[in-house]
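Okay, structure first, notes after.
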Amino acid sequence: MDIPRIPLGSWIEGGLTWLTSEYSVVTRGISRFTQTGINSLNDGLMWLPEWALLAIIALICWKLAGPRLAIGAAAGLALIWNLGLWNPMIETLTLVVIATLVAVVIAMPVGIAAALSERLYRVIMPLLDFMQTMPAFVYLIPAIPFFGIGSVSAIFATVIFSMPPAIRFTTLGIRQVPVELIEAADAYGATRSQKLFKVQLPLSLPTVMAGINQTIMLALSMVVIAAMIGADGLGSEVWRAIQRLRPGDGFEAGIAVVILAMLLDRLTQSLRRSSK
C-alpha cells in the first residue's frame, strides 16, 4: 500500500514565490535601507585610522571592565591589524552589531509580551524551539529570494538565527521577579506600565543582558555561513581559504573571529555585572 507523499516542499516553495512576488516592493525597500545602514557604519569605522579605533576600543574596555581587558583587547586587535585582516574585521563587526540591534529590537517586545501573557508564552516557546533546532544553513534559503546575494541577506538570516535567546532570557528574567515585589507595587497603586518599567525590567536586566550576550555569540557563529551568500568580512576570508585549500589563511581568519568574539563576550559580561 503506497501512502501519498505530502508535498510540503512544494507548498513552501509556492509560499516563498508568492511572498517574493507580492511583497517585492517591501523587501526592496528594507534591502536598500539596511544596505545604507551597513555602508554608513562600515565607512564610519573604516574612516578612523587603525590605531585610533584600537585606542578607542581599549579605552572603552578599560572604562567598562578594567585594565586587563583593555590590554587584552589592544593586543588582540593589534594582532588582527598585523595579519592584514583589519578591514574584514570591521565588516564582520558591522554585520554583528546591526544584526544584534535588529534582533534585540524585535526580541524585547516579544519577550515582554510572552512573560506577561501565559497564552502567548505557550505559543511562542515551541516556535523558539523550532527556530533553535533548525540548521543554520536553512535560514539562507528564504534570505536569497527576499533580499538577493549580499550582506542584507546575511543579516536577515543572522537575525532569525540569533534572536531566540534574547526572547527566552527576556521572558525568563521578567518571570523570575519575586512575587512579593509585584504585590508591593500593586499595594502602592502602581499601574501595569509602572510595574513593568520600574520593577520588572530593572530587576530582570542582568538576565536580559545574558540573552543579548548569547545573541551576539550566535551572530558571530553565522559569520562563516553567511559568507556563502556573499557577506563580506572574516567569514569570506575563511570561505576563500577553504575554496583555495589555504589552511594557514583560514586559521588566521578563524583566530581573528575568536579574538572578536572574546572581546564582545567580555564587554557584554562586564555590562551584565554592572547591571546587577
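Side-chain contact between Met163 and Val102 is absent, with no heavy-atom pair separated by less than 4.5 Å. The shortest distance between side-chain heavy atoms of Trp11 and Ile6 falls below 4.5 Å. Proximity of Val208 to Met108: side-chain heavy atoms (C-beta onward) are separated by under 4.5 Å at one or more points. Using a 4.5 Å heavy-atom threshold, the side chains of Asn42 and Leu95 count as separate. Under the 4.5 Å side-chain criterion, counting only non-hydrogen atoms from C-beta, Leu77 is in contact with Met89.
With respect to Arg175 and Glu118, a salt bridge is recorded, a charged nitrogen being found less than 4.0 Å from a carboxylate O.
More than 12 heavy atoms of other residues, nucleotides or ligands lie within 6.0 Å of CZ in Arg240, so this atom counts as buried by the packing criterion. Within a 6.0 Å sphere centred on CH2 of Trp86, other residues, nucleotides and ligands contribute more than 12 heavy atoms.
Looking at every heavy atom in both residues, Ala261 comes nearest to Met217 through O-CE, 3.5 Å. Here the closest non-hydrogen pair linking Thr92 and Gly235 is OG1-N, 4.4 Å.
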### Task
Quick one: do Leu120 and Val110 satisfy side-chain contact (heavy atoms from CB on, under 4.5 Å)? Show the steps, please.
CA-CA 9 Å; Leu120 181 60; Val110 175; 5.7 Å; no
### Message
Using side-chain hydrogen bond (donor to acceptor under 3.5 Å, both in side chains), reason through Asn39 and Gln35 one step at a time and then give a plain yes or no.
### Response
CA-CA 6 Å; Asn39 294 337; Gln35 191 63 54; 3.1 Å; yes
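The closest side-chain donor-acceptor pair between Gln132 and Arg168 falls under 3.5 angstrom.
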